[in-house]
Amino acid sequence: MIYLWGINTLTLLAFGWDKARARRRKNRVSERRLLWLAALGGSPGAVVGRWIFRHKTRKRGFSAWLFGIFGLQTSLIYLWLWGDVPNLM
């Protein structure tokens, strides 16, 4: 649990840092690094950071990867907690 708090905080801060650097036209955090942070468990922090800072909202490819990672992680957590896919028939 501590790991998830840490990685999500780090991811949220990375989105804020990248947005601040973009406004000043300085060296930025790469999209690859932001997606890796999301993939390592920080996808909720990435989604919240994207919303708070209004960052990377026009990048369709980036958004597709980010929400794909978020959806996969959400699905895995669901399966881990409930152990089985519900019978829909």
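The chain is numbered in sequence order, starting from 1.
- The closest donor-acceptor contact from the side chain of Gln73 to the backbone of Ala38 lies under 3.5 Å.
- Cluster annotation: Leu35 and Trp17 are assigned to the same hydrophobic cluster (Ile/Leu/Val/Met/Phe/Trp/Tyr, side-chain heavy-atom contacts under 4.5 Å, transitive).
- Atom CD1 of Ile77 sits about 8.0 Å away from atom CH2 of Trp80, to the nearest 0.5 Å.
- Under the 4.5 Å side-chain contact rule for hydrophobic residues, Trp51 and Val29 share a cluster.
- Contact of the Leu40 side chain with the Tyr3 side chain is registered, since non-hydrogen atoms from C-beta on lie closer than 4.5 Å.
- Note: Phe15 and Phe62 have tilted aromatic rings, judged against thresholds of 30 and 60 degrees for the angle between ring planes.
- In terms of heavy atoms, Ala46 sits closest to Leu66 at CB-CD1, 3.5 Å.
- In terms of heavy atoms, Lys56 sits closest to Ser63 at O-OG, 3.6 Å.
- Nearest heavy atom pair, residue Pro44 against residue Asn8, reads CD-OD1, 3.2 Å.
- The closest side-chain heavy-atom distance from Tyr78 to Thr74 is not below 4.5 Å.
- Side-chain contact between Leu37 and Ile7 is present, with at least one heavy-atom pair separated by less than 4.5 Å.
- Considering every non-hydrogen atom in both Ile69 and Ser43, the closest pair reads CG2-CB, 4.2 Å.
- Residues Leu13 and Ile52 fall into different hydrophobic clusters, defined by Ile, Leu, Val, Met, Phe, Trp and Tyr side chains chained together at heavy-atom separations under 4.5 Å.
- Heavy-atom minimum distance, Leu12 versus Phe53: O-CE1, 3.6 Å.
- Crowding of Arg33 atom CZ: a count of heavy atoms from other residues, nucleotides or ligands under 6.0 Å not exceeding 12.
- With contacts defined as side-chain heavy-atom distances shorter than 4.5 Å, the pair Asn27/Arg21 qualifies.
- When all heavy atoms of Ala14 and Leu34 are compared, the closest pair comes out as CB-CD2, 3.8 Å.
- Inter-residue side-chain proximity for Trp65 and Arg32 is flagged as unmet; no heavy-atom pair is nearer than 4.5 Å.
- For the atom pair CG (Asp18) and CZ (Arg50), the distance works out to 13.0 Å, reported to the nearest 0.5 Å.
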